[in-house]
Trainee: 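What follows is a single structure, and I will ask about it in a moment.
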Amino acid sequence: MNSLTVSTASATGNPRNKTALKPGRSLMDWIKLTNSSADLSGTGNKLKDISPDELAQHNNKNDAWLAIRGMVYNVTSYFEFHPGGEEELMRGVGIDATDLFDQVHKWVNYESMLKKCLVGRLKADSMLPPVKRLQSKPAIRKEFPTPPLSILSISAPSTGVVTTDWMQNSTSVTVILYTRQKGLDARQVSTSIDGKLFHIRIYSDNWLRCYDYQIHLVEAVEPSCKVTVSLTTGKVELLLRKIQTALHWHKLGDLEDVSQGFQPLSQAPLFFRRAVLTRKLRVNHNVFLFTLTFPTGQDFYVPVGWHVQLKLSLEDGSALIRSYTPIVFDLPSCKTTECPSKTEASTSLHFLIKIYSAGPFTSALDRLAEGNSSIEVSFPTGNFLESQLENKNVIAIAAGTGITPLVRIAIDILRNNRRVTLVFFNRTQEDIIWKEEFRELELKYPDKFKVWHVLSEPDEEWLGLRGRISKSILATTILGGDCPDDGSNFACVCGPSDFILETLRLLDSAGYTNETVHAFSG
Ligand code: NAD
């Protein structure tokens, strides 16, 4: 039996760019190793203070330390377990890898993953060694040639990967990219416009690679872009609206080839689009549904099971970034008068967000009024392959707001006439998100959808299941008669990281494998 891996559980590498791990090097094997008596820190679990100089000396694969947020970890034994690959992990070794870690996958709970590797605290009172930066290739800037005749197309320099043309009339400018990516569809093209800066990202290879470039336009355009793609040739047309109509542009602008070819998504920089908070609805005592809307003509698609980063600019000039998974809005009993309509879906994203009073991001978000435009949304990121769900019934195991990535998956499966069993863990009844809506869904799909609620802090009146994730709860809910083990089940897991680790351990012993489980790490 294969053991389970969770693809985002890595220290500094790329969660989306999975490397094939050797047998015996799965997440489950790592958990077993951390639960053994092995001295992974190499210091007999005695914590010490480490100077940056000492950290810098542990800089090779056989003796590898790295620091994240002031704590130093010995990751020597973790190399072969690192889903992003050994080379990726090596980039953080011997240095303060906090920036590197945050750029790649800030949301991973490294403290839990690496707790047995903790060597001690990084002393902050001396000079830090130079921080290795993400290796970014030098950007190539090219200037588009001088003006085409109105309406006529003219060749512009090739970026090496795509060739480009542009044309204009009195009201619009069209940029044309010949990507040669057959089968490309418009959802795989993300754009953002910030003044005269026009950023374009094209995703390929199941969205796991992307091509980024920017055009520094000579004139300002409206903040919207209409994308048209030819499926057969991969030709992409991007229609921009001139602000100053009738102004003839003498050139398009400067092209900055950011990625120089399709690169793994992990190595791509974060690019953000500005959005407006158009709606905030209370879902329960501390969870709200936030709707963010982009300008008309800026459609935005996030693949199922993928997430975005939300960036919030604060009054003091600083910014906070957190990952969130957008959700669908059409659960059956959605109070229709209050709901954003389906037509908004292409230019709006909806997020279920729990407000933590001590959480700097969510408490700042909570203070924003509708109409506020200080939020930016990154281009989508993730590693979930929707194709894994083909012909599968889904077992969704969620805790708290961990329900968010599983909602869209559940709806898609039900619409495709397959079964979904949701086991939903919460603290109390009042914490359950969308309890009525899930009940409506059960009524709508009586043979296809079943939800089990499990409370860890129930009151006396609660008649349902109690406790945290355990073998007996899984036996009652998914491993019993409702979900026959006929090879058709695919399990999706999301919630706090310890919850995920425990669930994976239990699924592993129940015979689930890497091919039949995906964990959305918290
Ligand atoms: P919570 O603290 O209210 O806990 C909900 C339930 O989780 C509890 O009732 C319990 O059953 C279980 N649980 C909590 N801690 C546990 C532990 N240590 N071991 C076993 N079970 C445990 O949950 P919350 O505040 O809503 O947090 C949800 C988590 O889900 C967050 O950590 C968040 O980062 C994560 N999340 C991840 C994604 C993603 O896409 N990766 C999306 C949403 C939420």
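Everything numeric in this text was worked out from a predicted model, so none of it was measured.
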Trainee: Would you give the length of the straight line joining atom NE2 of H82 to atom CD of E80, rounded to the nearest 0.5 angstrom?
Mentor: 13.0 Å
Trainee: Answer yes or no: is there a side-chain heavy-atom contact under 4.5 Å between L365 and L320?
Mentor: no
Trainee: A side-chain contact here means heavy atoms from C-beta on lying under 4.5 Å apart; do V236 and I176 qualify?
Mentor: no
Trainee: Begin with the C-alpha distance, continue with both residues' side-chain angles, and end with the deciding distance and a verdict on side chain to side chain contact (heavy atoms under 4.5 Å, CB included) for V420 and K448.
Mentor: CA-CA 6 Å; V420 176; K448 298 270 176 269; over 6 Å; no
Trainee: Are any side-chain N or O atoms of R418 and backbone N or O atoms of L389, one a donor and one an acceptor, separated by less than 3.5 Å?
Mentor: yes
Trainee: Has T476 got a side-chain atom pairing as donor or acceptor with S472's backbone, closer than 3.5 angstrom?
Mentor: yes
Trainee: Under 3.5 Å, side chain of R209 to main-chain N/O of F262, donor-acceptor pair present?
Mentor: yes
Trainee: Would you call N426 and V454 a side-chain contact if the rule is heavy atoms closer than 4.5 Å?
Mentor: no
Trainee: Can you give me the closest heavy-atom contact between A268 and Q263, atom names plus distance?
Mentor: CA-NE2, 3.5 Å
Trainee: What pairs meet the ring pair (Phe, Tyr, Trp, His ring centres under 6.0 Å) rule with one or both residues in residues 394-418, with sequence neighbours excluded?
Mentor: none
Trainee: Classify the angle between the aromatic ring planes of Y203 and W306 as parallel (below 30°), tilted (30 to 60°) or perpendicular (above 60°).
Mentor: perpendicular
Trainee: Determine whether V175 and I215 satisfy the following criterion, side chain to side chain contact (heavy atoms under 4.5 Å, CB included), listing intermediate values before the conclusion.
Mentor: CA-CA 10 Å; V175 179; I215 301 170; 4.0 Å; yes
Trainee: Should R439 and E436 count as an ion pair when the cut-off is N to O under 4.0 Å?
Mentor: no
Trainee: When you measure from the side chain of D185 to the backbone N and O of R187, does any donor-acceptor pair fall under 3.5 Å?
Mentor: yes
Trainee: Without swapping roles, check the side chain of Q309 against the backbone of L270 for a donor-acceptor pair under 3.5 Å.
Mentor: no
Trainee: Taking the six-membered ring where the residue is Trp, are the ring centres of F294 and F300 under 6.0 Å apart?
Mentor: yes
Trainee: F490 vs H518, test: ring pair (Phe, Tyr, Trp, His ring centres under 6.0 Å). Steps then yes/no.
Mentor: CA-CA 8 Å; F490 187 91; H518 186 91; 7.3 Å; no
Trainee: Where the side chain of T179 meets the backbone of G234, is there a donor-acceptor pair that is under 3.5 Å apart?
Mentor: yes
Trainee: Taking atom NZ as the centre, does K226 end up with more than 12 heavy-atom neighbours from other residues, nucleotides or ligands that are less than 6.0 angstrom away?
Mentor: no
Trainee: Is any side-chain heavy atom of L231 closer than 4.5 Å to one of K182?
Mentor: no
Trainee: When rounded to the nearest 0.5 angstrom, what distance separates CG in N417 from CG in N393?
Mentor: 10.0 Å
Trainee: Could K235 and E237 be called an ion pair, given the rule that one side-chain N must be under 4.0 Å from one carboxylate O?
Mentor: yes
Trainee: Hey, is the main chain of G382 close enough, under 3.5 Å, to the side chain of W207 for a donor-acceptor pair?
Mentor: no
Trainee: Over all heavy atoms of both residues, which pair between C492 and V394 is shortest? Give the atoms and the distance, please.
Mentor: SG-CG1, 4.4 Å
Trainee: Might you point out which heavy atoms bring L66 and V93 nearest each other, and give the distance in Å?
Mentor: CB-CA, 4.2 Å
Trainee: With a 4.5 Å heavy-atom cut-off, do F424 and I403 have their side chains touching?
Mentor: yes
Trainee: Of all heavy-atom pairs between A275 and L292, which one has the smallest distance, and what is that distance?
Mentor: CB-CB, 4.0 Å
Trainee: Give the intermediate values and the outcome of side chain to side chain contact (heavy atoms under 4.5 Å, CB included) for residues F79 and M90.
Mentor: CA-CA 8 Å; F79 271 93; M90 214 32 227; 3.7 Å; yes
Trainee: Quick one: does N416's side chain have a donor or acceptor within less than 3.5 Å of a partner on D412's backbone?
Mentor: yes
Trainee: Carefully, step by step, assess Y213 and Y211 under the rule ring pair (Phe, Tyr, Trp, His ring centres under 6.0 Å).
Mentor: CA-CA 7 Å; Y213 67 98; Y211 182 50; 5.3 Å; yes
Trainee: Taking side-chain contact (heavy atoms from CB on, under 4.5 Å) as the definition, give me every residue that meets it alongside L197, ordered by chain and number, with sequence neighbours left out.
Mentor: Q214, H216
Trainee: Restricting to non-hydrogen atoms, name the atom on G92 and the atom on A97 that form the minimum distance, rounded to 0.1 Å.
Mentor: O-CB, 3.7 Å
Trainee: Atom CD1 of I411 and atom CG of L441: how far apart are they, to the nearest 0.5 Å?
Mentor: 5.0 Å
Trainee: Which value, rounded to the nearest 0.5 Å, describes the distance between L504 atom CG and S509 atom OG?
Mentor: 10.5 Å
Trainee: Taking all non-hydrogen atoms of both residues into account, name the closest pair between P380 and V302 and its distance.
Mentor: CB-CG1, 4.1 Å
Trainee: With a 4.5 Å heavy-atom cut-off, do F198 and L238 have their side chains touching?
Mentor: yes
Trainee: Between H350 and T291, is a side-chain hydrogen bond (donor to acceptor under 3.5 Å, both in side chains) present by the stated rule, with each step listed?
Mentor: CA-CA 4 Å; H350 313 290; T291 296; 2.9 Å; yes
Trainee: In this structure, is the centre-to-centre distance between the rings of F438 and H453 below 6.0 Å?
Mentor: no
Trainee: Could you check whether any side-chain N or O of N206 sits under 3.5 Å from a backbone N or O of L208, counting only pairs where one atom can act as donor and the other as acceptor?
Mentor: no
Trainee: Does the side chain of W452 reach to within under 4.5 Å of the side chain of I397, using non-hydrogen atoms?
Mentor: no
Trainee: Quick one: do the D165 and Y178 side chains pair a donor with an acceptor below 3.5 Å?
Mentor: yes
Trainee: Heavy atoms, side chains only, cut-off 4.5 Å: are P269 and D212 in contact?
Mentor: yes
Trainee: Using side chain to side chain contact (heavy atoms under 4.5 Å, CB included), reason through F351 and L310 one step at a time and then give a plain yes or no.
Mentor: CA-CA 10 Å; F351 299 90; L310 298 186; 4.0 Å; yes
Trainee: Do the numbers put K311 on top of the ring of F272, so that NZ or CZ is under 6.0 Å from the six-membered ring centre and no more than 45° off the axis?
Mentor: yes
Trainee: Is it true that R273 and E376 have a side-chain N and a carboxylate O under 4.0 angstrom from each other?
Mentor: no
Trainee: Are any side-chain N or O atoms of T362 and backbone N or O atoms of Y356, one a donor and one an acceptor, separated by less than 3.5 Å?
Mentor: yes
Trainee: If we ignore angles and hydrogens, is there a donor and acceptor under 3.5 Å between the side chains of T401 and T404?
Mentor: no
Trainee: When rounded to the nearest 0.5 angstrom, what is the spacing between CD1 in I200 and SG in C225?
Mentor: 7.5 Å
Trainee: Is the number of heavy atoms from other residues, nucleotides or ligands under 6.0 Å of E87 CD greater than 12?
Mentor: no
Trainee: Any chance you could measure L455, atom CG, to F425, atom CZ, to the nearest 0.5 Å?
Mentor: 10.5 Å
